There are 2 protein chains.
Amino acid sequence: MENQRPLILVSNDDGIVAKGLSELIKFLRPLGEVVVMTPDGPRSGMSCALTSHEPIHYQLVRKDVGLTVYRCSGTPTDCVKLAFATVLDRKPDLVVGGINHGDNSSTNVHYSGTMGVVIEGCLKGVPSIAFSLCSHQADADFTAAGPYVRDIVHKVLERGLPPLTCLNVNFPDTQDLKGVKICQQAKGQWVNEWENFAHRGDSHYYWLTGEFEDADADNEKNDHWALANGYVAITPTTVDVTAYGLIDELKAWFSDDAVLGE
Amino acid sequence: MENQRPLILVSNDDGIVAKGLSELIKFLRPLGEVVVMTPDGPRSGMSCALTSHEPIHYQLVRKDVGLTVYRCSGTPTDCVKLAFATVLDRKPDLVVGGINHGDNSSTNVHYSGTMGVVIEGCLKGVPSIAFSLCSHQADADFTAAGPYVRDIVHKVLERGLPPLTCLNVNFPDTQDLKGVKICQQAKGQWVNEWENFAHRGDSHYYWLTGEFEDADADNEKNDHWALANGYVAITPTTVDVTAYGLIDELKAWFSDDAVLGE
């Protein structure tokens, strides 16, 4: 029965015409019923942004056996929220973001619209996976990623994921993948982030660019290391961002402050 | 010497004319040299979004003793990145976001542009604090928050914060504050998130709205509980979102998958 197949909601941040999206759909169709609600244009770097100051809308683009595609005027996170409220007739079994054109490992997790899709799925209590390839090329080659995408999705459909956790999966840009590494988020920061152009008069404008400085580049536990060394990096990711280790120290900071509460 | 005073970078997501920003500046000026780089209009719900598809720019708005204000065409996160690259002559001692008009506790941490400011400050290795008040009113009353803002900022300037951690501070909308609670992020989800309006023909448009359902409303450890009960909620927050507890289980999932790496 078709409606017993897993229901998979897909979105991305590169928009509806991105090759990474059509490749992902191709990889996922054998595994379940696929519903796509995805931005009508590029929304890279949108993080978990919401559209709160204007209305959004969506349109049906394609309806086929096992595949329905909608485009949406909102952000990646809007797409997930709106799909749950409108076009899905039941809670999906899986939310998938990607395949992103570009690396979402390390601290990029905070800026990524692909992760915006997946964090929203996770907050809604659905197992969720982000897939990204370390290439910004419009014609990037996703071939080698295919068997991994299918294997990871199959495992998650079968076993689920614990509450409040999701997967951030990144592929190096090579057809010679060395296998999977389970990783932690590399620490580091972006530097030289703005290209400065002279404009009229004394004014300037600034385009975002930058280089990532890995604070601990030789650490084999890190996703950034795994990618640099040809491995598929799976970084389990939490949406509970409480810094539990700091709670007791902060309690001590405020133990004498009863006066503020009088 | 003025340039030995702490250097405090301020931004927000409600934009340069928000009352919460001017109140925050008033509270902070006695504590250090304040530089403001803030969006030229509302950017609520922008999370850690970046502007990557167009250039951004900034202008000086005000220069006074101990206070310099710039407005910027970008997102809250852009504002922090651009300030570091342009107007700051040294690494700031503190990055502060707010005071937001609206609750950024619980899962709102993921959508908040105020937290976008603070996560960026934290990623750049600077102690960072977000302040928010649970009122969306343009004329919200921030009076009672003042002594708490000053006390918390004073403590953080004195003691610092551990790497990769920042503070998410929320005030209930009351002048009768009961004191500080050190909290964890409440779990739950937004429901009834879209208001649906008929448009021309068969089409519709959707405005974001919603109600937060606390999954564990009676848990006194949660920021959502603290706010509902009149306390200032301080939720220590990490930018390392690795789900460390899931690493061993995932390693077991992939232990037999050597074939994928061949």
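Throughout, a chain's letter reflects where its sequence line sits, starting with A, and its residues are numbered from 1. When reading the values below, keep in mind they use all heavy atoms of this one structure, side chains included, and skip hydrogens, waters and symmetry mates. Just so we're clear, the structure is a prediction, and the values are computed from it rather than from any experiment.
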(message) Given heavy-atom pairs under 4.5 angstrom as the criterion, report whether the side chain, backbone, both or neither of A:D78 touches chain B.
(response) both
(request) Would you name the heavy atoms of A:S105 and A:N170 that are closest together and state the gap between them? (result) N-OD1, 3.4 Å
(request) For atom NZ of A:K124, decide whether the heavy atoms of other residues, nucleotides or ligands shown that lie under 6.0 angstrom number more than 12. (result) yes
(request) Measure distances from A:T77 to the heavy atoms of chain B and classify the residue's part below 4.5 Å as side chain, backbone, both or neither. (result) side chain
(message) Looking at B:G102, is its backbone amide N or carbonyl O close enough to the side chain of B:N100 to form a donor-acceptor pair, meaning the two atoms are under 3.5 Å apart?
(response) yes
(message) Does A:V149 form a side chain to side chain contact (heavy atoms under 4.5 Å, CB included) with A:I129? I'd like the steps, not just the answer.
(response) CA-CA 10 Å; A:V149 169; A:I129 315 170; over 6 Å; no
(request) Quick one: closest heavy-atom pair of B:P236 and B:C183, and the distance? (result) CD-O, 3.3 Å
(request) Please flag which part of A:E193 lies under 4.5 Å from any non-hydrogen atom of chain B: side chain, backbone, both or neither. (result) side chain
(request) Calculate, to the nearest 0.5 Å, the distance between atoms NZ and CG belonging to A:K221 and A:N219 respectively. (result) 6.5 Å
(request) For chain B, find which of A:Q184, A:Q59, A:K181 contributes the most heavy-atom pairs closer than 4.5 angstrom. (result) A:Q184
(message) For B:Y206 and B:W194, take the angle between the two ring planes, folded into 0 to 90°, and tell me which bin it lands in: parallel under 30, tilted 30 to 60, perpendicular over 60.
(response) perpendicular
(request) Evaluate the side chain to side chain contact (heavy atoms under 4.5 Å, CB included) criterion for residues A:D214 and A:W225: first the C-alpha distance (whole Å), next the side-chain angles of each, then the deciding distance (0.1 Å), finally the verdict. (result) CA-CA 9 Å; A:D214 192 329; A:W225 183 92; 5.7 Å; no
(message) Restricting to non-hydrogen atoms, name the atom on A:S255 and the atom on A:A252 that form the minimum distance, rounded to 0.1 Å.
(response) OG-O, 2.9 Å
(message) Parallel, tilted or perpendicular: which one describes the rings of A:F197 and A:Y205, with boundaries at 30° and 60°?
(response) parallel
(request) Select one option (side chain, backbone, both, neither) describing which atoms of A:H53 are under 4.5 Å from chain B's heavy atoms. (result) both
(request) Among the options B:E249, B:E54, B:H204, pick out the one with the most heavy-atom pairs lying under 4.5 Å from chain A. (result) B:E54
(message) Less than 4.5 Å to any heavy atom of chain B: does that hold for the side chain of A:I234, its backbone, both, or neither?
(response) side chain
(request) Check whether any side-chain N or O of A:K178 sits under 3.5 Å from a backbone N or O of A:N229 as a donor-acceptor pair, and report yes or no. (result) yes
(request) Identify the residues of residues 111-119 of chain B whose heavy atoms come closer than 4.5 Å to a heavy atom of chain A, ordered by number, or report 'none'. (result) B:Y111, B:I119
(message) Which atoms of A:V241 are under 4.5 Å from chain B, going by heavy atoms: the side chain, the backbone, both sets, or neither?
(response) both
(request) Pick one of side chain, backbone, both or neither for A:V239, based on which atoms fall under 4.5 Å of a heavy atom in chain B. (result) both
(message) Looking at every heavy atom in both A:G74 and A:I56, which two are closest together, and how far apart are they?
(response) CA-CG2, 4.0 Å
(request) Could you look at A:Y244 and say if it's the side chain, the backbone, both or neither that has a heavy atom under 4.5 Å from chain B? (result) side chain
(message) Heavy-atom pairs under 4.5 Å with chain A: which of B:I182, B:D248, B:L246 has the most?
(response) B:I182
(message) Are more than 12 heavy atoms, taken from residues, nucleotides or ligands other than A:R200, located less than 6.0 Å from that residue's CZ atom?
(response) no
(request) Output the option from B:K81, B:R43, B:E195, B:H57 having the highest count of non-hydrogen pairs under 4.5 Å with chain A. (result) B:K81
(request) State whether the side chain of B:S44 and the backbone N or O of B:D14 hold a donor-acceptor pair below 3.5 Å, judged by distance alone. (result) no
(message) Pair A:I152, B:W253 - check side chain to side chain contact (heavy atoms under 4.5 Å, CB included), show working.
(response) CA-CA 9 Å; A:I152 295 164; B:W253 284 19; over 6 Å; no
(request) Pick one of side chain, backbone, both or neither for A:T86, based on which atoms fall under 4.5 Å of a heavy atom in chain B. (result) side chain
(request) Please report the closest heavy-atom contact between B:D223 and B:S106, naming both atoms and the distance. (result) OD2-N, 3.1 Å
(message) Let me confirm one number: the NE2-CG distance from A:H101 to A:D13, rounded to the nearest 0.5 Å.
(response) 9.5 Å
(request) Mind ranking B:A144, B:G45, B:C48 by heavy-atom pairs under 4.5 Å with chain A and telling me who comes out on top? (result) B:C48
(message) Run the side chain to side chain contact (heavy atoms under 4.5 Å, CB included) test on B:V169 and B:Y148 for me, step by step, so that the C-alpha distance in whole Å, both residues' side-chain angles and the decisive distance to 0.1 Å come before the verdict.
(response) CA-CA 10 Å; B:V169 181; B:Y148 288 91; over 6 Å; no
(request) May I ask you to name which of B:N168, B:D240, B:V232, B:T235 has the most heavy-atom pairs under 4.5 Å with chain A? (result) B:D240
(request) Sort out for me which of B:L161, B:L123, B:T165 touches chain A most, counting heavy-atom pairs under 4.5 Å. (result) B:L123
(request) Measure B:L82 against the heavy atoms of chain A and call it side chain, backbone, both or neither at under 4.5 Å. (result) both
(message) Less than 4.5 Å to any heavy atom of chain A: does that hold for the side chain of B:T51, its backbone, both, or neither?
(response) backbone
(request) Check each atom of B:Y58 against the heavy atoms of chain A and say whether the ones under 4.5 Å are side chain, backbone, both or neither. (result) side chain
(request) Go through the atoms of A:E120 and report whether side chain, backbone, both or neither lie under 4.5 Å from a heavy atom of chain B. (result) side chain
(message) Testing the basics here: between B:P55 and A:W207, what is the closest heavy-atom pair and its distance to 0.1 Å?
(response) CD-CZ2, 3.2 Å
(message) Please output the residues of residues 185-192 of chain B in contact with chain A, using a heavy-atom cutoff of under 4.5 Å, in numerical order.
(response) B:Q185, B:K187, B:G188, B:Q189, B:W190
